[in-house]
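To start, the structure under review is shown below, and the notes come after it.
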Amino acid sequence: MEVVLEGLQQALWLILRRDPAVVEITLRTLQVSGTATLISLLLGVPLGTALALGRFPGRRLVVSLVNTGMGLPPVVVGLFVALMLWRSGPLGRLGLIYTPLAMVIAQAVIAAPIVAGVSLAAIQQLDPRLHLQLLGLGASRGQLVLVLWWEARRSLLAAAMAGFGGAISEVGASMMVGGNIVGQTRVLTTATVLETSKGNFDLAMALGLILLLLAYLVTLAMTWLQQSGRTG
Amino acid sequence: MRRSLACLLVLPVLLTACGSGTTPPASQSGEAKPSNPTILLATTTSTQDSGLLDLLVPDFEEKTGYTVKVIAVGTGAALAMGKRGDADVLLVHAPAAEMKLVESGDVVDRRRVMHNDFVLVGPAEDPAQVKGMTDAAAALKRIAQTQALFISRGDDSGTHKKEKALWQEAGVQPAGAWYQESGQGMGATLKIASEKGAYTLTDRGTYLHLRDKLDLVILVEGDDRLQNIYHVMVVNPQKHPGVNAEGAKAFADYLTDPETQKVIGEYGKDRFGQPLFFPDAGQE
């Protein structure tokens, strides 16, 4: 319990005096996980929508794969992405291993199925008569999708929050493909692991608390959007 | 609503753009910038956890204009990275395993940098009565005979390799409820041993670093077999094209430079009253 209190104290102190190292890794955490979430939305929302609206053979198989993907173990994703990006791997020439971009890729792979799965459920939950009515009114395919997204916007924001949560909280993949390099790929989760292994439990706790605060603030902003304009 | 939603989505991209200004420090004015300025160093967790690299790497970067990416993993993983050509330079502590890479031609230019030593630590009550023994293998044998709890790293690190070699010399195949593998780094393993009142083998540096947070004391030390020797080696560019051999050699030169060696020998004296590493470049 002592360590938690010391961690809380140290977290406040680090925030108040804007510790440069902590500010730097906090901003990087936000950049990496934010960009990964954005990519996962660009991939996941259309995929989820296509699966919700489309009728094609093997659809159930794809849906089951997406749903399984919502629980992808980050460490397995990390290993796979690392195998691809290592110099000896097929994409080694790109020189992406141990860069923030490698972490964005890994986190996007983790978050995309979560976004797709929640989007799929969100679109499917809409009243099917809306769909028919829109087509009856002569809406094009594109217009239909835009209206459906607008109608499902609160659930889609929930998808974004779930995706962001998956990205910012994972550590195994970030460690493997990022390498936890100081000044380059160190983020809040990997820094927490490092400080724990160094035995600096209070600092590790402080970093963990800052991570929680960051996740809370981002989710709060999205929740505010989600709940704004709510009627009744 | 639609506009604010768009703003929120764009935010991370903007941040990325804003943050991209944090490039590594440029080379010193006098030095010519190296043609390939990034070096990938695969090393053990002990060099990072002890804080030594935090001191040496920035100094090297400032002096030469290189940027070092430090990947701190177990020695086993670091050697594997060298064998695949996924690193440029290795700083590790498992001489027997290193020699295999030298023989297979995966690394060249292997040089001794420094040493410290391993110590056997355990609870002050010392249930197996090994305190003061000078034969590390005999001490392990006694721990096995009394079935006193022992925590092994179990991660193929340099420390784990040393531990396995000592068990072999003791003629013991460690197994059973008393022998547990943590599968984690030295710091975490020491913490587990401390919590469980168990014995473990550790490098002295990490132990000294964490001593205040542990209920563990040094019980066996001074056996020649407990020497922990660190070597630096360059991944062979002939065998692994793409390796930054020039940068790797510059880093190896830096570590074995008399000035750096002095810094290594001083490191930790102010905090622990004794150095964490003993420089010994040029010896074999």
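Every chain is numbered from 1 and lettered A, B, ... according to where its sequence line falls, protein lines coming before strand lines.
Annotation: the span from Trp86(A) atom CH2 to Met81(B) atom CE amounts to 7.0 Å, rounded to 0.5 Å. Once rounded to the nearest 0.5 Å, the distance linking CZ of Arg84(B) with CZ of Arg87(A) reads 11.0 Å. The line from CD1 of Ile181(A) to CG of Leu41(B) is 10.0 Å long, rounded to the nearest 0.5 Å. Note that the OG1 atom of Thr45(B) and the CG atom of Leu194(A) stand 10.0 Å from one another [nearest 0.5 Å].
Residue Val73(B): no heavy atom, backbone or side chain, is found under 4.5 Å from chain A. In this structure, no portion of Met186(B) lies under 4.5 Å from any heavy atom of chain A. Using a 4.5 Å cut-off between heavy atoms, Asp212(B) makes no contact with chain A at all. The contact between Gln48(B) and chain A is made by backbone and side chain atoms together, counting heavy-atom distances below 4.5 Å.
Using modelled atom types, one side-chain atom of Lys69(B) and one backbone atom of Tyr98(A) make a donor-acceptor pair closer than 3.5 Å. For Asp86(B) (side chain) and Ser88(A) (main-chain N/O), a donor-acceptor pair under 3.5 Å exists by modelled atom type.
Counted within 6.0 Å of CZ on Arg93(A), heavy atoms from surrounding residues, nucleotides or ligands total 12 or fewer; the atom is thus considered open. Within a 6.0 Å sphere centred on CZ of Phe201(A), heavy atoms belonging to other residues, nucleotides or ligands number more than 12. Heavy atoms of other residues, nucleotides or ligands lying less than 6.0 angstrom from CZ of Phe272(B) number more than 12.
Side-chain atoms of Lys191(B) and Thr196(A), non-hydrogen and from C-beta on, never get closer than 4.5 Å to each other. Residues Lys213(B) and Asn200(A) meet the side-chain proximity criterion, which asks for heavy atoms closer than 4.5 Å.
Nearest heavy atoms, Val68(B) versus Gln184(A): O-NE2, 4.4 Å.
Among the candidates Gly85(B), Gly51(B), Ala72(B), the residue making the largest number of heavy-atom pairs closer than 4.5 Å to chain A is Gly85(B).
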